[in-house]
There are 2 protein chains.
Amino acid sequence: MADAISKATMLRFPAYLRYLKTEAGRGNKYISSAVIAEAMGLSAVAVRKDLAGISSQPGKPGSGFEVSELIADIERRLGFRSRTNAAVVGAGRLGRAMLAYDGFEAYGIHVVAAFDVSPVVIGAADGKPIYPMERIFEVVRREDIRVGILTVSRENAQAATDDMIKAGIGAILSFVPAYVHVPDGVLIRYEDLAASLAGVCGGLLLSE
Amino acid sequence: MADAISKATMLRFPAYLRYLKTEAGRGNKYISSAVIAEAMGLSAVAVRKDLAGISSQPGKPGSGFEVSELIADIERRLGFRSRTNAAVVGAGRLGRAMLAYDGFEAYGIHVVAAFDVSPVVIGAADGKPIYPMERIFEVVRREDIRVGILTVSRENAQAATDDMIKAGIGAILSFVPAYVHVPDGVLIRYEDLAASLAGVCGGLLLSE
DNA sequence: TCGCTTTTGATATTTTTTTATCGATTATTA
DNA sequence: TAATAATCGATAAAAAAATATCAAAAGCGA
């Protein structure tokens, strides 16, 4: 690849994308790094440096960057142009909330189904099917599901993860407050809601 | 203060805490940096450096760190020993899931109430009251609520945030996919579920 | 057209974070 | 008790990221 983009920058791209889409929705055609920085709490220099890595069209002095170009560039870089199917594993309250959440679509992610061991929640929610856990192997293959959202209980986390991987899922976003073991080649990221909130509380004491 | 602890380390502490509590639950009294590193996907050196900043007792060569000491140290540093009250604003699906989520207790955070503009959800869920939005001013004061969890729709985000701040909330964790403006002194952190998931998808292509 | 303002992009600098190395200390075992 | 293995803490080096500076290009108004 041309110029390696830093990991930190990569992590910021989804946030840029969200902001830029908001601006596009307001009808703004051009936007300057200073405006983006102000809105997102970054420095203008940082924004320019981040954008320099992916913008196909350079920003124009005097007016700034073309919003639609930037959106296209970021989406292309992040691979959002291609559809990715996802599934929720664990159809509890949080899992069903994820199943209903419509924000994923903007990133080209389609949550197409959920799975749960407990028979009481089998059925459908928001027009999306909830399957019994044992059907995960068949459904993942049929629906070409690549990503899993793990929202089971702590006790079931490892077993559910094993099944997901065995079914062919290669990337997992886990909301379970426990570490699970995954083989090499499987990507797992932990989203610890409690820790995030705790971080906010703790942040009250810090400067940032 | 003695030695400034890096921001990156601070962000890792909640994860350490979670892991250490798991180990404590298994009855392990001592743990080595190598074991922690292996479980959490870090290097042993990094773990030792992080822990050096907060451990009141130094780790003992040959056996490692005392788990209960570490937990106490981290909790003390993060201020989890004192109770913090929180409230959910926006009692939709995600909001009610947050209201019911019991993982916050482990960090000394107590979600005591929710607020919503829509009358249909006013009432109570999981033994916790859901108030109409206009009562936020009174309830926040009475219950000494310090932190807010924002789960309203994009359209209502700014108005809800303004009310939260006016009511006296100084720290917000927002799940709304839009940036809102807050005055200086108010801490807001965005938790973008879609972006997180997108990051996992994108991460499939990267090396990490 | 001309000067002024805005805004970029490149380079350089500083800060932060990660990683490596190594002697010293403690447990373990024979 | 003595040798061996495990583990730490401190220091140093390397890598990554954030921040500052500034000349040049593009718009804007007179």
Side-chain angles (χ1 to χ4, degrees), chain A residues 1-16 19-20 23 28-70 73-74 77 199 203 206-208, chain B residues 1-16 19-20 23 28-70 73-74 77 199 203 206-208:
Chain A
M1 65 209 77
D3 252 354
I5 293 173
S6 82
K7 203 184 299 180
T9 297
M10 270 295 190
L11 259 28
R12 276 192 293 268
F13 277 145
Y16 282 115
Y19 176 70
L20 291 170
E23 288 303 307
N28 292 341
K29 300 280 284 176
Y30 285 86
I31 195 162
S32 75
S33 57
V35 172
I36 298 175
E38 160 67 21
M40 292 182 52
L42 301 170
S43 85
V45 178
V47 172
R48 283 203 295 278
K49 198 150 174 285
D50 284 345
L51 296 185
I54 44 100
S55 58
S56 53
Q57 300 285 122
K60 277 195 248 175
S63 53
F65 295 86
E66 190 174 338
V67 176
S68 60
E69 279 288 342
L70 282 186
D73 287 334
I74 295 176
R77 179 67 190 212
L206 301 177
S207 51
E208 197 206 12
Chain B
M1 65 208 73
D3 252 354
I5 292 173
S6 84
K7 203 183 303 178
T9 297
M10 270 296 191
L11 259 28
R12 276 192 293 266
F13 276 145
Y16 281 115
Y19 175 71
L20 290 169
E23 287 303 306
N28 291 342
K29 300 281 284 177
Y30 285 87
I31 196 163
S32 74
S33 57
V35 172
I36 298 175
E38 160 66 21
M40 291 181 53
L42 302 168
S43 84
V45 178
V47 171
R48 285 203 294 278
K49 197 147 177 284
D50 284 344
L51 297 185
I54 42 100
S55 58
S56 53
Q57 301 284 122
K60 277 196 247 175
S63 53
F65 296 86
E66 190 175 340
V67 176
S68 61
E69 279 288 341
L70 281 185
D73 288 334
I74 295 175
R77 179 67 189 213
L206 300 176
S207 52
E208 192 211 16

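In what follows, chains carry the letters A, B, and so on, assigned in the order in which the sequence lines appear, proteins first and then strands, with residues in each chain numbered from 1.
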>> Could you walk me through whether A:Ile54 and A:Ile74 satisfy the side-chain contact (heavy atoms from CB on, under 4.5 Å) test, starting with their C-alpha distance in whole Å, then the side-chain angles of each, then the deciding distance to 0.1 Å, before giving a yes or no?
In response: CA-CA 7 Å; A:Ile54 44 100; A:Ile74 295 176; 3.7 Å; yes
Minimum heavy-atom distance [X]-[Y], with the two atoms named:
| X | Y | value |
| --- | --- | --- |
| A:Leu11 | A:Pro14 | O-CD, 3.5 Å |
| A:Ser43 | A:Ala37 | C-CB, 3.5 Å |
| A:Ser33 | A:Ala44 | CB-O, 3.8 Å |

Sorted by chain and residue number, the side chain to side chain donor-acceptor pair (under 3.5 Å) partners of B:Ser63 (sequence neighbours excluded) come out as none
For residues 41-54 of chain A, the salt bridge (Lys or Arg N to Asp or Glu O under 4.0 Å) pairs (sequence neighbours left out) are A:Arg12-A:Asp50
Measure [atom1]/[X] against [atom2]/[N] and give the value in whole Å, please.
| X | N | atom1 | atom2 | answer |
| --- | --- | --- | --- | --- |
| B:Glu66 | C:dT26 | CD | C1' | 15 Å |
| B:Asp50 | D:dC8 | CG | C1' | 15 Å |
| A:Gln57 | C:dT8 | CD | P | 15 Å |

Could you list the protein-to-nucleotides 10-17 of chain C atom pairs, N/O on both sides, closer than 3.5 Å?
residue	atom	partner	partner atom	Å
C:dT17	OP1	B:Ala8	N	3.4

**Message:** I'd like to check A:Asp73 versus A:Tyr16 (side-chain heavy atoms, cut-off strictly below 4.5 Å). Are they in contact?
**Reply:** no
Worksheet item: Is the shortest heavy-atom distance from the side chain of B:Ile5 to the side chain of B:Phe13 under 4.5 Å?
Response: yes
d(A:Ser32 OG, A:Glu38 CD) to nearest 0.5 Å is 10.5 Å
In this structure, CG of B:Leu20 is separated from CD1 of B:Ile31 (nearest 0.5 Å) by 6.0 Å
Picking from C:dT19, D:dC8, C:dG9, the nucleotide nearest the side-chain atoms of B:Phe65 would be D:dC8
Can you give me the N/O atom pairs linking the protein to nucleotides 1-4 of chain C at distances under 3.5 Å, or say none if there are none?
none

Within residues 32-42 of chain A, those residues having any heavy atom closer than 4.0 Å to DNA chain C are A:Ser32, A:Ser33
Side-chain donor or acceptor of B:Ser55 paired with backbone N/O of B:Leu51 under 3.5 Å = yes
A:Glu66 meets the side chain to side chain contact (heavy atoms under 4.5 Å, CB included) criterion, sequence neighbours left out, with A:Tyr30, A:Ser68, A:Glu69
Those residues at least two apart in sequence (or on a different chain) that pass side chain to side chain contact (heavy atoms under 4.5 Å, CB included) with A:Ala39 are A:Tyr19
Look for any protein N or O under 3.5 Å of an N or O in nucleotides 23-30 of chain D and output each such pair with its distance, or none.
residue	atom	partner	partner atom	Å
D:dA26	O4'	A:Pro61	O	3.1

